[in-house]
Structures are given as C-alpha cells and as structure tokens.
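Here the structure is laid out as structure tokens; the discussion comes afterwards.
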Number of protein chains: 2
Amino acid sequence: MVEQTLGDKLARDILGRIRGGQILPGAKLNAKSLADDFRVSRTPVLEALKTLAARGIATHAPNRGYIVSSTALNGNVGSELDEPVPVTDLYYRLAEDWVGQEIPQDVTEQYLLQRYKARKSEVVGTLVRAVNEGWAERKPGYGWTFLPVVSTPEAFEQVYRFRSAIEPAALLEPTFEFDTQVLDEQERIQQRYLDGAIDTELPDRLILIGMQFHEEIIRLSGNTFFHQALVRVNRLRHLLELRSIFDRARVYDQFSGHLELIRLLRKGDPIEASFYMRQHLAEATSKKTSIQRAHVQNKIRR
Amino acid sequence: MVEQTLGDKLARDILGRIRGGQILPGAKLNAKSLADDFRVSRTPVLEALKTLAARGIATHAPNRGYIVSSTALNGNVGSELDEPVPVTDLYYRLAEDWVGQEIPQDVTEQYLLQRYKARKSEVVGTLVRAVNEGWAERKPGYGWTFLPVVSTPEAFEQVYRFRSAIEPAALLEPTFEFDTQVLDEQERIQQRYLDGAIDTELPDRLILIGMQFHEEIIRLSGNTFFHQALVRVNRLRHLLELRSIFDRARVYDQFSGHLELIRLLRKGDPIEASFYMRQHLAEATSKKTSIQRAHVQNKIRR
DNA sequence: CTATGTATTTATTGTGCGAAAAAAACATTA
DNA sequence: TAATGTTTTTTTCGCACAATAAATACATAG
C-alpha cells in the first residue's frame, strides 16, 4: 500500500465529484459541508483543498476559502490525481502468487513480511481481508493457511450459482424500495459506458462498474444481509475476473441488460424484474464458464 | 477474553471428544496424531495432555504416553474444564452495550480501551469481528461507528428471509454431496437432545446446536459461498437470539424437523428436502417474530 | 453569526525490545 | 522405527514511547 493520508484520498474523491459533474467549476468548496459529507473533520479536508489548489483545480482567496477553478475540466489539469491509485497492493500480489502456486499453502507472518518487504500491519490487514473473502484462515497456533477457492475454476460457477440464489430473491423482498435517485444514477452510468466508453475503459474499471450496479440494485431490497453477502462475494469475484480473459463484447450485452432491468423496476413489477435478473445471471454464467474453460485449457497446453 | 493458551483450548477440545464418545476410556492419546488432527505442533498438545492428567482424565506412564483413564466419564471428573469458557468476552459485552444504548454510536478505540479495560489487540479484534458481522464500520478518519442492525427487531425477520433464499437453494446444488458420516453424526446429536437433554441444557448451547446443524447440512452442498454466507449470518443471529425470549418447547419442533430433513436427504430426494427446508424455516420465522413482537411490547410497556 | 484560518489536543500508527507461546530439531526409549 | 521425552529455535504477543494524522477548540474576518 502506498502511503496515503486521508487528505490525499479526499483530494481524489473531491476531484472525482468535479469530474463527474456533481460540483461545477466556479462553485465554492465549503470546508464544513465537505467535512460533514465525508464524515471527517475539517483538518483533512483542508489538506485536500490545498492539494487541489496546488494542482490548479481550485483557487484560494485568503479568508474566503476555495473555489473550483474554471480550468478544472480542461485537458489534463490535475490528471496526476485522477487514476493513479496504484494497484501494487500487497493484496493483489498475494492473491496472484497464491493462485500461481508461488507461495506454499501454509505460511507464517514472518515469511510474508520478508517475502514482500511489507509492514506488519499491512500483512495482517491483507490476511484479514483474505479471511473475509474466504481464501485464507488463521491456523490454531502460529501461521496462516491459504484455501484453494480462488485457484479453482469451479469457483466461478459457484459464485454465479450463489448469486442466482440471492439476487433474484432480493428483488422480491417486501422491503424493496424503489429509489428513483439510485435508478437514475445507475441508468446514467450504464448509458454513458454504452455510448462508447466501453471500448476505451480499462477492463478492471468495467468489471467494477458492473459489480457496483448489481450491488446498488440489491441494496434497494432494504435487507442488508442480501447486500452484504453480495458485496462480499463480489470482492472475491473481482480477483477471479482479473485472472480470466476479458471480453469487451460481453460488456455490451451485460450493460444493456442492466438498462432493461432498470426499465422493469421502473414499471414497478418486481416479479418480472426478479425473473429477468435470473436470466441475466444465467447468461453471464454460460458465457463465462466456457471462457474460463478455454483459459484453463490454454494453460494446460503450454 | 480470559487468558487462554492453545494448550488450554486443546485440553477442552480433547475432553470434548472423550465426553462425546469419540475417544473411549482406555484409549491411547497419541500425541502425534492429535497434533496432526488439530493442525498444531506436539508442544501445545503435550500441555493439554498434562492438564488432563492433572485433572484425572488421563493417566501418564513415562515413555509410554497418555491413556484416557477409566474414570474419565465418572461424575464430575475434570468438570472444571467442561463449560467454563467464560462469556465475559468483550464481544458480548460490547454487543450488549450497543443494543442497550449504553455506548454512543461513534466511538474511538481509546474510549473502548478505557471503558472495558481491555487490551488493544482485543478491542481491535472485536471490532474487526463486528465489521464482519455487519454491525460496525471504520470511520474514514479516526474512530468507529456502530450500525443499528443488531438492535432492530426487523433484523430477525431479515435474517430468516435471507436464509430462506440460500438454504433451500443450497440443497439443490449439483455438487451436493451426501456424506453419510455427517448425517449420522448430526442425527446422533439431534436425537440425543430430543431424548431429554433439551430440558437441561443451557439455551445458548441449544441455539448453537441448531445453528451447527444447518451449517453442516449446507456445507454438504459443496459450494462454500452458501456455507460461508450462512455461517456469517448465523454469528449475528446468535447475538439476536441471546437477546430474545427462549422457548424450549420450540426446540423440540425444531430438532425433530432436523431429523425429518435428514430422513429426506437419506432418501436421496434433494427437491423434497429443499422444499421441506423452506417450510422448516418458515415455521421458525412465524413463531420467532411473534415472540419477538411480544418481547418488544413488554419492553415498551415497562 | 457563519465560514475561514490557526493552534491545541487527542487518537492512532510505527518501532524496537523483552517475554511467552508454539514449532521444529534432536535424543531416547519400548 | 515410531512414538515419547527434551532441548533449541522461531514466531508472535505485549508494552512503552516517539512520530504522525485527525479531531477539536479557539480566534478572526466577512
């Protein structure tokens, strides 16, 4: 994990809001309300604003606060803040190495500490995360064990079967709440990608957008357990997807499916929506597993 | 958490096996195989064996190892090891205090450290657990927030709705594997409690036995995601159950339901079993929620 | 009187060392 | 030669203190 203070993260997030059009050039960046919004104190927000000012995204007038500069959306002003969340994360390296059989099944913290030259807190944090995702376990005494889930090709199918059990069911929850704002937001996002961004965007980003859509929809069920289960399983799925062959063409089908789902939800017909969701998932499964098989066979052949 | 070394835990676990009839009086306690079994080294196993010998549960012959003494099952030989896992656990205290509105929604680690006079590692560990169960969150800056899930009466119903989505589905997994040993074991346990132990056992124990049954059955599905989701949701449910009124009569219905389910699984009819599971859960829900309502009303009346 | 700017306090992380627990290596006995 | 007993090594925990980050309190300007 690259050193990153809360102020840095906030700078990114605020810039994200500007890029996404939620905050317009010329608008005042009220420190207090931003702090409340992000549930932090003004201190890190102020740091973020200073960073943004230094990058030319905001201008500062003494005793009058910060304002989004008119050039904020020009070309690559402050682009160094845009994406560089560097994915050299220990988490990914560890997952990669485990799947690739580079590390033994049983390891000690010490071993990981040395192998990755990482800080202890980072190693422990990563292991805890892996435990949550179900691919690592603490041994009763010293040491940790990695479980084979992530490395098996069946995992893909199992995830999809699990999702098929919960996602359509979630739409039928009596507490389902039909939040127009969420639907609008998601429709906007999916549409934007369908209008072209699919061809240029990084695979990883597209995967995340797709997962986010499902998570947001399931969240409307009003039953946290469905939502939490999906989020958890999606984190693992993310790892699996990163290792599989990525098919952009499939994303078109997927995202237009999402728009159709929104349409059905708007119609106020949860049963039909639930049914459609089931289909939508089934499609993904069949295509996915054949891709996965091809992938595995290629590997064996080599 | 009361100081407890791995050796102490093993002593309990081994005694559990003796009490449960898995290891008989007179049998040799092979250190190596016990160590392998528990996935630890011989060191803590040896400590456990010493403890057991000191309590009169095992006898020790120099250079010949340990043997379960014939009096191991007599009366209260070594009973001090049986149950006393003291539930003064920070985890329970914290959950209790949060539900009872004794602590604020937002807290710092420091606050918890002082309030509970606990070690830092313990506090952090507990918070991580709470996060996994979905009733706590790290704030972006310093501090943690507790979420209302555990304290809402709706949580009960939501958990049951979630389980109704996953448990019957799990039984229909194509990878479902019908492990006679597991079924036998569970049948034995459920039968034993139906034969009388229900009236004497602690509520907490009965709750755990019931949860364990479901977890074991779902595990047979061969799809970890179902199993993991259930385990996770059950941990939270445990908290909820501890706070609700306990009805022993209900346990009879519940446990005989379990036996019926085993019978259907033995018949090799997963569809019927799945259907029965759905019903079984529905029953529990309806009874449960009415109890829960009564409970809430009582509280309000006071 | 509200938002900004600044100073102060508080919370948390990082580090290093000694203690305790567990694993691994070695020696010995049936 | 496999299991037991014993010693050595390794791993992890616990604690204190310094360093940093964030929250809070205070002062001031519009």
Legend entry - A:Glu47 CD - D:dA22 C1' separation (whole Å): 8 Å
Legend entry - Separation of C:dA22 P from B:Phe38 CZ (nearest whole Å): 14 Å
Legend entry - Partner set under side-chain contact (heavy atoms from CB on, under 4.5 Å) for A:Asp36, not counting sequence neighbours: A:Lys32
Cut-off 3.5 Å, no hydrogens considered: what does the side-chain donor-acceptor table look like for residues 102-109 of chain A, sequence neighbours left out?
unit_1	atom_1	unit_2	atom_2	d
A:Gln105	NE2	A:Phe146	O	3.2
A:Asp106	OD2	A:Lys139	NZ	3.2
A:Thr108	OG1	A:Tyr111	N	3.1
A:Glu109	OE2	A:Trp144	NE1	3.2

Legend entry - B:Arg219: side-chain contact (heavy atoms from CB on, under 4.5 Å) partners, not counting sequence neighbours: B:Glu216, B:His227
Inset, instruction - For A:Leu24 and A:Val68, work out which heavy atoms get closest and say how close. - result: O-CB, 3.7 Å
Legend entry - Interatomic distance, B:His60 NE2 vs C:dA30 C1' [rounded to whole Å]: 13 Å
Inset, instruction - Using atom CH2 of A:Trp144 as one end and atom C1' of C:dA23 as the other, report the distance to the nearest whole Å. - result: 17 Å
Legend entry - Minimal non-hydrogen separation, B:Ala95 against B:Leu239, with atom names: CB-CD2, 3.6 Å
Inset, instruction - Identify, with sequence neighbours excluded, every residue that meets side-chain hydrogen bond (donor to acceptor under 3.5 Å, both in side chains) alongside A:Asp13. - result: none
Inset, instruction - Describe the nucleic acid contact of A:Lys50 in one word from base, sugar-phosphate, nothing, applying a heavy-atom distance below 4.0 Å. - result: nothing
Inset, instruction - Would you please confirm or rule out a distance under 4.0 Å between OP1 or OP2 of D:dA22 and any side-chain N or O of A:Thr5? - result: yes
Legend entry - Below 4.0 Å: OP1/OP2 of C:dT4 and any side-chain N or O of A:Asn30: yes
Inset, instruction - Using heavy atoms to find the nearest nucleotide of DNA chain C for A:Tyr66 and B:Gln114 separately, return the residue whose nucleotide is more 5′. - result: A:Tyr66
Legend entry - Residues which pass salt bridge (charged side-chain N to carboxylate O under 4.0 Å, His left out) with B:Arg232, listed by chain and number, not counting sequence neighbours: none
Inset, instruction - Examine the side chains of B:Arg129 and B:Asn132 and answer whether a donor and an acceptor come within less than 3.5 Å of each other. - result: no
Legend entry - Euclidean distance, atom CG of residue A:Leu113 to atom P of C:dG14 [Å, nearest integer]: 12 Å
Legend entry - Rounded distance in Å - CG (A:Leu46) to P (C:dA7): 13 Å
Inset, instruction - Could you tell me the separation between the CG atom of A:Asp8 and the P atom of D:dT20, rounded to a whole number of Å? - result: 15 Å
Legend entry - All salt bridge (charged side-chain N to carboxylate O under 4.0 Å, His left out) counterparts of A:Arg188, not counting sequence neighbours: A:Glu185
Inset, instruction - Applying side-chain contact (heavy atoms from CB on, under 4.5 Å), name anything that partners A:Arg17, two or more places apart in sequence or on another chain. - result: A:Gln22, A:Ile23, A:Asp37, A:Phe38
Inset, instruction - Mind listing the residues from residues 104-112 of chain B sitting with a heavy atom below 4.0 Å of DNA chain D? Number order is fine. - result: none
Inset, instruction - Answer with base, sugar-phosphate or nothing: what part of the nucleic acid does A:Ala61 contact at a heavy-atom distance below 4.0 Å? - result: sugar-phosphate
Inset, instruction - Could you check how far CG of A:Leu34 sits from P of C:dA3, rounded to whole Å? - result: 12 Å
Inset, instruction - Assign a letter to each nucleotide of nucleotides 23-30 of chain D from its 5' end: B, base within under 4.0 Å of a protein heavy atom; S, sugar-phosphate only; -, no contact. - result: BBB---S-
Legend entry - With sequence neighbours excluded, residues passing side-chain hydrogen bond (donor to acceptor under 3.5 Å, both in side chains) with A:His238: A:Asp204
Inset, instruction - Using the test side-chain contact (heavy atoms from CB on, under 4.5 Å), find all partners of A:Thr59 that sit at least two apart in sequence or belong to another chain. - result: A:Ile67, A:Ser69
Close N or O pairs between protein and nucleotides 14-18 of chain D (under 3.5 Å):
unit_1	atom_1	unit_2	atom_2	d
D:dG14	OP1	B:Arg119	NH1	2.4
D:dG14	OP2	B:Ser121	OG	3.2

